[in-house]
Number of protein chains: 2
Amino acid sequence: MGREAVVEAAASLADEKGLEAVTLSGLASELGIRTPSLYNHVAGLGGLRRELALMGVRELGHRLSRAAAGKAADEGIFGLARAYRGFVKERPGLYAATVRSYRLSHPDDPELAQAEGQAFEPVLAVLASYGLFGQEAVHAARGLRSVAHGFATLEVAGGFGIALDPEESFVRLLEAFAAGLRDQRR
Amino acid sequence: MGREAVVEAAASLADEKGLEAVTLSGLASELGIRTPSLYNHVAGLGGLRRELALMGVRELGHRLSRAAAGKAADEGIFGLARAYRGFVKERPGLYAATVRSYRLSHPDDPELAQAEGQAFEPVLAVLASYGLFGQEAVHAARGLRSVAHGFATLEVAGGFGIALDPEESFVRLLEAFAAGLRDQRR
DNA sequence: ACTATAAACTAATTATATTAGTACTGTCAA
DNA sequence: TTGACAGTACTAATATAATTAGTTTATAGT
């Protein structure tokens, strides 16, 4: 069966029924095997969550890289933010795994740190094309991530009760953020 | 003992050990009683989560009201955002309860909807003083909430790996957002 | 053919949520 | 004052989940 397949099945389960639904029993029955058999592939529930976090961060990194390729300034920022939001909406469970649970208990997992570093690169590249470097760029990157993460997670959590086009809200938020960045650079 | 005390104990537990640590067993042993006794106060784990969500939204609403009182425009936006972030940092478990788990499964709990409406009011008031009304205001409110929620949740999740002052990052993000709003109004 | 490994299994233990039914304790009305 | 009732705790029992230990089976490599 292979670890890859097990983790991918767990990710699908997370996307469909929420990260809380990713139990070893649930996953095992999804795969048509018994719960203890999963221990041949992952180190228990904790290990599975680590695998999910890793897979999620890597996938996010790939998407950000693709989105940033060949784009500069506002176009780059919009591309990154759309890719981020797209990932959260398409794979909400896998994305949740990149933020929740595992991260806090293991703040310095080297593999995870490396994957996060890679996901960070395209963001820095876009910000550089924008004229931001060093600490300036880190502040801006935190801002961009906050905006994308905040909007997307509230959206998938059903936090925007009122029936007003979220797409429009997102574009306006990005425009405001980008305009503010331009302002600050002066 | 009273329901109030039980829910408050659960909130403290959530803040100290994370929302995942809020189990009926854990809460019962915290309170020095047996697990089934909790059913005299809340409707099981699901009911407890609902109470937590309600308490969290109400508390957030109060803080936002206080923060917005007597402030207009940028000062109001900064006040709201600081209050939001302060709440997330001081009561991370209680805040998490307002976003996670209960919300999605019961999208139209009337009491929760009412509490959310109340928490929304001070935001609309500040945005009005800012010259934004109707749909404009809703878009802006979503943006502001995304910014505050995004930044604060990433911060408490340990998402800002690098040791660079988060306060500075937050101020810059708010300045960018506020500047962008001013831009858009023209 | 022999062996090592991968990947499944059963059995048993522990933790948690839940339900059902019971006991104690105070308050308040007759 | 007494008796009923509400409130709050309890024990006992059941179901689901995670985990560990130890076992089986098929297959690929020597």
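Sequence lines set the chain letters: A, B, ... in the order given, protein chains first and strands last, and positions in each chain run from 1. All values below come from the heavy atoms of this structure, side chains included, with hydrogens, waters and symmetry mates left out.
- The salt bridge (charged side-chain N to carboxylate O under 4.0 Å, His left out) pairs that include a residue from residues 132-151 of chain A are A/Glu136-B/Arg172, where partners are two or more places apart or lie in different chains.
- For A/Lys17, the salt bridge (Lys or Arg N to Asp or Glu O under 4.0 Å) test picks out no residue, with sequence neighbours left out.
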Which protein N or O atoms sit under 3.5 Å from an N or O of nucleotides 24-28 of chain D?
none

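- Annotation: ring-ring contact (aromatic ring centres under 6.0 Å, His included) contacts of A/Phe120 (sequence neighbours excluded): none.
- With sequence neighbours left out, B/Asn40 forms a side-chain hydrogen bond (donor to acceptor under 3.5 Å, both in side chains) with no residue at all.
- A 4.0 Å heavy-atom criterion places the boundary nucleotides of DNA chain C facing chain B at C/dT16 to C/dT19, written 5' to 3'.
- Sorted by first then second residue, the salt bridge (charged side-chain N to carboxylate O under 4.0 Å, His left out) pairs that include residues 85-97 of chain B, not counting sequence neighbours, are B/Glu8-B/Arg91, B/Asp15-B/Arg91, B/Arg63-B/Glu90, B/Arg85-B/Glu155, B/Arg85-B/Glu167, B/Lys89-B/Glu155.
- In this structure, the side chain of A/Thr35 does not engage the main chain of A/Ala28 through any donor-acceptor pair within 3.5 Å.
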What one-letter contact string describes nucleotides 6-20 of chain D from 5' to 3', where B marks a base within less than 4.0 Å of any protein heavy atom, S marks contact via sugar-phosphate atoms alone, and - marks no contact?
-> --BBBBB----SSBB

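- Residues that satisfy the salt bridge (Lys or Arg N to Asp or Glu O under 4.0 Å) test with B/Asp109, not counting sequence neighbours, are B/Arg50.
- Among residues at least two apart or in separate chains, there is no ring-ring contact (aromatic ring centres under 6.0 Å, His included) pair with a member in residues 34-65 of chain A.
- For the side chain to side chain contact (heavy atoms under 4.5 Å, CB included) test, residues two or more places apart in sequence or in another chain that qualify with B/Val147 are A/Val147, A/Leu173, B/Leu173, B/Leu174, B/Phe177.
- The ring-ring contact (aromatic ring centres under 6.0 Å, His included) analysis of residues 144-166 of chain B, with sequence neighbours excluded, yields the pairs B/Tyr95-B/His149, B/Phe151-B/Phe160, B/Phe151-B/Phe170.
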